[in-house]
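What follows is one structure encoded as structure tokens, with my remarks underneath.
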Amino acid sequence: MIRQNPFSLYDFLGYFIPGALLFYLILFIDYVENLSENFELKNFIEKNSDFQLDKVLFFIIISYSLGHLLNFISSITIERYANWKYNYPSKYLLGFEYSGFWATKSKRGIVWRICLILIIFPVTVLDLILGEVLAFKNFYTRKLDKFLIDLITLKGQNLFNRLAEGQLNGYDDIKVRDFDFHRIITHYTFEHSKNHQFKMVNYVVLYGFLRTLTLITIISFWYIIFTHFSKLGNLTIIIILSLLSLMSYIFFMAFMKFYRRYTLEGLMLIAINEDLK
């Protein structure tokens, strides 16, 4: 029987750390808003650093629970936006054509896309300005060269037909690209490439961690907007909102980078697999 660690690296970076970060952010905001004297960081640290077992257990439980909530919300907002805007990494890496963010004929789909733009507004605005206009998106959405695309496509078709014992002849390259083919590739490479498992897990951990950090900065952005609405013309507030927006986009780019690397790792393991000739 394979022994599994009940508390994995993903639990730590994907759930606990983001949850703890948001928990301390809430405490910090509450401390500053109820402060009657000048703010000093050491006083805040001293106030929240007393070791008491019941408080530690409470902190761990709340942080881990908050982390799960953040992780889920980030998957249906940040990751959903990335897939709607640029398509899945497995598809843009292979140069598949994509109609873009508004590629839906459903009215409900249009409404959800509009809502998503507003919810993650700092990312969508900077992604338009920096990603599209200044072409920052090329850092994390560029496709592979033709040789690698042809090799991966050939090996992928061989894998699908081998797994189905040659019964997938009707699913050529044109048809397969419309389905979630990368899920098969991921499971196959993870099972047959033991030396690369740790690397693939690390990529999942990192892109999940960065995805939740993106969401936390967006939550902070909207919190400042709603609590200081009457002071939005204040220079300090403008600077804070600008910094939070920039941070959210930097975290988003980092998330996209490791999201791409994770997918590319699976595709490259297919490319170098000598059993799929």
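Values below: every heavy atom of this structure, side chains too, minus hydrogens, waters and symmetry copies.
- Between the R260 side chain and the R142 main chain, a donor and an acceptor come within less than 3.5 Å of each other.
- The backbone N or O of N273 lies less than 3.5 Å from a partner atom in the side chain of K155, making a donor-acceptor pair.
- Taking CD1 from I237 and CD1 from I225, the interatomic distance works out to 9.0 Å, rounded to the nearest 0.5 Å.
- Heavy-atom minimum distance, M256 versus A82: SD-CB, 3.4 Å.
- Hydrophobic clustering, with ILVMFWY side chains joined whenever heavy atoms are under 4.5 angstrom apart, groups I17 together with F58.
- At least one donor-acceptor pair closer than 3.5 Å links the side chain of S75 to the backbone N or O of F72.
- Side-chain N or O atoms of T104 include one that pairs as donor or acceptor with a backbone N or O of S106 at under 3.5 Å.
- In this structure, M200 CE and T263 OG1 are separated by 9.0 Å, a value rounded to the nearest 0.5 Å.
- Here the closest heavy-atom approach between residue Y140 and residue K257 is recorded as CB-N, 4.1 Å.
- Enclosure of atom CH2 in W102 by more than 12 non-hydrogen atoms of other residues, nucleotides or ligands within 6.0 angstrom is indicated.
- Looking at heavy atoms from C-beta onward, L241 lies in side-chain contact with L232 at the 4.5 angstrom threshold.
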Verdict with reasoning, Q197 to K194, per side chain to side chain contact (heavy atoms under 4.5 Å, CB included):
CA-CA 5 Å; Q197 286 182 351; K194 304 295 184 183; 3.3 Å; yes
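- Relative ring orientation between F136 and F139 is described as perpendicular, the plane-to-plane angle rising above 60° on a 0-90° scale split at 30° and 60°.
- For the residue pair Y207 and N202, no side-chain donor N or O sits within less than 3.5 Å of a side-chain acceptor on the partner.
- Atoms NE2 and CG, on H182 and L94 in that order, are 9.0 Å from each other to the nearest 0.5 Å.
- When ring centroids are compared, Y64 and H68 come within the 6.0 Å threshold.
- Ring-centre distance between F59 and Y24: below the 6.0 Å cut-off.
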Determine whether R261 and E265 satisfy the following criterion, side chain to side chain contact (heavy atoms under 4.5 Å, CB included), listing intermediate values before the conclusion.
CA-CA 6 Å; R261 284 192 175 184; E265 185 72 13; over 6 Å; no
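- Minimum heavy-atom separation, G14 to T212: O-CG2, 4.1 Å.
- Atom CZ of F23 is surrounded by more than 12 heavy atoms from other residues, nucleotides or ligands within 6.0 Å.
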Q.
I'd like to know whether I120 forms a side chain to side chain contact (heavy atoms under 4.5 Å, CB included) with F252, so could you lay out the CA-CA distance, the side-chain angles of the two residues, the decisive distance to 0.1 Å, and finally the verdict.
A. CA-CA 11 Å; I120 62 170; F252 175 74; over 6 Å; no
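- Using a 4.5 Å heavy-atom threshold, the side chains of L93 and K143 count as separate.
- Side-chain contact between V205 and V201 is present, with heavy atoms from C-beta onward closer than 4.5 Å.
- Two different hydrophobic clusters hold I110 and L128 under the rule that ILVMFWY side chains link at heavy-atom gaps under 4.5 Å.
- In summary, the aromatic rings of Y88 and F96 are positioned with their centroids too far apart to meet the 6.0 Å limit.
- Taken from CG in L21 to CG in L70, the straight-line distance is 9.0 Å, to the nearest 0.5 Å.
- The nearest pair of heavy atoms linking Y98 to N83 is OH-O, 3.5 Å.
- I270 contributes atom CD1, which lies 9.0 Å from atom OG1 of T186 (distance to the nearest 0.5 angstrom).
- Scanning all heavy atoms of the two residues, the minimum distance from I119 to W222 falls at O-NE1, 2.8 Å.
- Taken together through direct or relayed side-chain contacts under 4.5 Å among Ile, Leu, Val, Met, Phe, Trp and Tyr, I117 and V111 form parts of separate hydrophobic clusters.
- Under the 6.0 Å distance and 45° angle rule, R80 counts as a cation-pi partner of W84.
- L210 is not listed as a side-chain neighbour of Y259, based on a closest heavy-atom distance of 4.5 Å or more.
- Between atom CG of residue L243 and atom CD1 of residue I224 there is a gap of 11.0 Å, rounded to the nearest 0.5 Å.
- Ionic pairing of D127 and K85 is present here: one or more N-O contacts between side-chain nitrogen and carboxylate oxygen are shorter than 4.0 angstrom.
- Counting only heavy atoms from C-beta outward, the side chains of F221 and S248 never approach each other to under 4.5 Å.
- In this structure, L69 and Y15 have side chains that are not in contact, with every pair of non-hydrogen atoms separated by 4.5 Å or more.
- Contact of the S220 side chain with the L25 side chain is registered, since non-hydrogen atoms from C-beta on lie closer than 4.5 Å.
- With hydrogens and angles disregarded, no donor-acceptor distance shorter than 3.5 Å links the side chain of S63 to the backbone of I60.
- If you chain together hydrophobic residues whose side chains sit under 4.5 Å apart, L235 and I240 never meet in one group.
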Go through the steps to decide whether I219 and L215 satisfy the test side chain to side chain contact (heavy atoms under 4.5 Å, CB included), and finish with yes or no.
CA-CA 6 Å; I219 291 173; L215 179 63; 4.0 Å; yes
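- Across every non-hydrogen atom of T214 and T217, the tightest pair is O-OG1, 2.7 Å.
- Cluster membership check: I239 does not share its hydrophobic cluster with L126, using side-chain heavy-atom separations under 4.5 Å among Ile, Leu, Val, Met, Phe, Trp and Tyr.
- Using a 4.5 Å heavy-atom cutoff, the side chains of I216 and P18 are in contact.
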